[in-house]
Amino acid sequence: MSKIEQDARLNRRLIHDKPGRRFHANDDARWGELILPAPDEGPAKSENGLRILAIASSIHGLRLVKTLVGYEQRHPERISLVGLVTDDPVNADARIGAGKRMWRYLDSEQRLQVETATVEAALCFGVPVYSGEIKVDWFRRQAARWRPDVILVCVFGQVIDRPIIELPSGGIYNFHPSDLAHHHGAGPAPVEELATRDARTTVWTVHQVSTEVDAGQIVGQSPPINVRGQEGDLPEDPWIIYQKMVDPLGYMTFFVIDALAKRHAHGEAGPLERLDFEELVPPAVKARFMAPIVDQDLKSVLGDPDPALFDLT
């Protein structure tokens with residue numbers, strides 16, 4: 001079976017939503033494909049400002065992509081999203097640790113729904129998507145063709161190797177949903193670790209990517225995020241906590257993009273060293289982060305960021 005046939009369920013949805021999209025198998029990889037937007041998608045797509053490559057998946061990767069798109073729509077002179085690299089949780093041949101990561105809390109149809117929404121968010125905006133293996137020469141050449149100034153990573157199931165880490169002059173940054181500054185939750189199950197230490201809150205950590213997983217220099221951390229319910233209980237289902245983490249990620253992504261875009265506009269070279277998110281996030285939003293946790297339906301989690309977010313610049 002060809003790689004294109006393995007991805008047939010996703011591709012049928014994408015073609016149905018928008019005829020004219022093209023699918024190219026990568027013969028150098030064991031799974032995945034490059035998906036190109038239809039010719040009439042993203043006609044006003046920016047090519048200006050900071051060039052950003054996103055490497056992201058799941059509900060959090062979707063929020064990161066939607067925040068990037070929303071920011072570029074409002075400030076096309078500041079950034080350009082040049083590509084999306086995402087996991088393929090539907091393809092059985094994809095080696096992304098799906099059984100150990102948050103994908104295991106979703107059934108096959110829900111996985112397809114999340115991946116479709118993520119890929120659609122990029123394609124509809126005129127951004128190409130790659131869903132395959134990254135430790136191959138073909139992908140390294142493709143990433144170089146995108147010429148990213150910066151790479152943003154969020155909830156991705158493959159280890160990123162040195163050629164990609166060293167590609168962007170402005171740095172590569174990972175958004176990880178745990179308190180890495182205090183050595184909590186590194187690895188593929190960050191939320192599950194909360195129960196072992198009876199935690200009441202957690203945070204998002206933004207760090208520079210290194211060859212050691214979740215160990216690069218920390219750029220900053222979000223304000224605290226409540227993981228307890230109205231009665232003070234920690235949800236038994238980790239997926240409920242992962243859902244709560246979506247909204248704070250949008251704010252973290254926004255402030256990282258904004259800082260990087262402004263540095264680029266001022267000709268500042270090198271990676272971003274530090275951001276004080278406690279100072280940047282408005283008090284009302286911090287209060288929302290600390291609201292008691294509630295279960296949400298998947299449709300609401302897949303929605304757009306709060307439009308007011310983009311007025312914070």
Side-chain angles (χ1 to χ4, degrees), residues 4 7-26 32-57 59 61-88 112-132 138-139 141-154 167-168 170 250 253-254 256-258 260-262 264-265 299 302-313:
I4 299 297
D7 290 328
R9 290 181 69 201
L10 173 66
N11 294 352
R12 281 197 294 270
R13 288 192 176 195
L14 298 176
I15 284 289
H16 175 77
D17 288 345
K18 187 65 180 180
R21 290 171 174 168
R22 292 154 288 164
F23 306 87
H24 298 282
N26 167 13
E33 61 188 348
L34 178 67
I35 309 169
L36 300 179
D40 59 345
E41 290 187 283
K45 179 78 178 66
S46 169
E47 294 295 333
N48 303 316
L50 185 76
R51 297 177 63 83
I52 301 176
L53 173 62
I55 302 181
S57 70
I59 55 176
L62 173 60
R63 180 55 57 96
L64 182 142
V65 171
K66 286 194 169 188
T67 305
L68 282 163
V69 169
Y71 191 100
E72 183 177 333
Q73 286 174 327
R74 290 160 179 81
H75 305 288
E77 76 288 355
R78 293 186 186 178
I79 72 166
S80 175
L81 178 58
V82 297
L84 167 65
V85 181
T86 191
D87 286 332
D88 186 349
L112 182 59
Q113 184 179 350
V114 173
E115 188 190 11
T116 302
T118 305
V119 174
E120 287 276 10
L123 293 176
C124 288
F125 195 55
V127 176
V129 178
Y130 178 63
S131 65
W138 183 95
F139 174 72
R141 291 192 297 270
Q142 178 59 51
R145 283 192 288 268
W146 280 325
R147 297 182 292 109
D149 299 306
V150 163
I151 298 177
L152 302 183
V153 184
C154 184
L167 178 61
T253 302
F254 172 84
V256 169
I257 300 167
D258 198 50
L260 289 168
K262 290 173 179 176
H264 182 78
K299 183 177 179 180
L302 299 181
D304 295 332
D306 181 356
L309 169 64
F310 302 101
D311 296 328
L312 296 177
T313 185

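- For the atom pair CG of D258 and CD1 of I79, the computed distance is 9.5 Å after rounding to the nearest 0.5 Å.
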Checklist entry - Could you go step by step and tell me if V150 and L50 meet the side chain to side chain contact (heavy atoms under 4.5 Å, CB included) rule? => result CA-CA 8 Å; V150 163; L50 185 76; 3.9 Å; yes
Next on the checklist: Does V114 form a side chain to side chain contact (heavy atoms under 4.5 Å, CB included) with L62? I'd like the steps, not just the answer.
Outcome noted: CA-CA 8 Å; V114 173; L62 173 60; 5.6 Å; no
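- Summarising the geometry of R63 relative to G303, their closest heavy-atom pair is NH2-O, 3.1 Å, with the distance given to 0.1 Å.
- Q142 and N26 share no side-chain donor-acceptor pair at under 3.5 Å.
- Aromatic ring centres of F254 and Y71: separated by under 6.0 Å.
- Side-chain contact between V119 and I35: present, with at least one pair of heavy atoms (C-beta onward) separated by less than 4.5 Å.
- At least one side-chain heavy atom of L123 sits under 4.5 Å from a side-chain heavy atom of V129.
- K262 contributes no side-chain N or O that, together with a main-chain N or O of I257, makes up a donor-acceptor pair within less than 3.5 Å.
- In this structure the side chain of D311 never reaches within 4.5 angstrom of the side chain of L309, judged on heavy atoms.
- The two residues V69 and A121 come nearest to each other via the heavy atoms CG2-O, 4.0 Å.
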Checklist entry - How far apart are the C-alpha atoms of R51 and D149, what are their side-chain angles, what is the distance that settles it, and do they pass the salt bridge (charged side-chain N to carboxylate O under 4.0 Å, His left out) test? => result CA-CA 5 Å; R51 297 177 63 83; D149 299 306; 5.4 Å; no
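- Shown here for G61 and C154, the closest heavy-atom pair between the two residues is N-SG, 4.2 Å.
- In this structure, the side chains of F23 and L14 come closer than 4.5 Å at one or more pairs of heavy atoms.
- Judged by distance alone, the side chains of T313 and R78 do bring a donor and an acceptor atom under 3.5 Å apart.
- Every residue two or more places apart in sequence or in another chain that forms a side chain to side chain contact (heavy atoms under 4.5 Å, CB included) with N48 is listed here: S46.
- Residues that satisfy the side chain to side chain donor-acceptor pair (under 3.5 Å) test with K18, not counting sequence neighbours, are D40.
- Put simply, the side chain of R147 does not reach to within 4.5 Å of the side chain of V82, judged on heavy atoms.
- Checked against side chain to side chain contact (heavy atoms under 4.5 Å, CB included), P148 has the following partners two or more places apart in sequence or in another chain: L53, W146, I151, L167.
- The closest side-chain heavy-atom distance from L152 to L68 is below 4.5 Å.
- Salt bridge status for R13 with D17: absent, with no side-chain N to carboxylate O gap under 4.0 Å.
- Contact of the F125 side chain with the V65 side chain is not registered, since no non-hydrogen atoms from C-beta on lie closer than 4.5 Å.
- Closest non-hydrogen pair, R22 versus P37, comes out as NH2-O, 3.1 Å.
- Counting all heavy atoms, side chain and backbone alike, A54 lies closest to L64 at CB-CD2, 3.9 Å.
- With salt bridges taken as basic N to acidic carboxylate O contacts below 4.0 Å, one links E72 and K45.
- For L84 against T118, the heavy-atom pair with the smallest separation is CD2-O, 3.8 Å.
- Taking OG of S131 as the start and CD of E33 as the end, the distance is 4.5 Å to the nearest 0.5 Å.
- A 4.5 Å side-chain heavy-atom check between H75 and F310 finds every atom pair outside the cut-off.
- A salt bridge is defined here as a Lys NZ or Arg NE, NH1 or NH2 lying under 4.0 Å from an Asp or Glu carboxylate O, and E120 with R21 meets this definition.
- Between atom NE2 of residue H24 and atom CG of residue L34 there is a gap of 6.5 Å, rounded to the nearest 0.5 Å.
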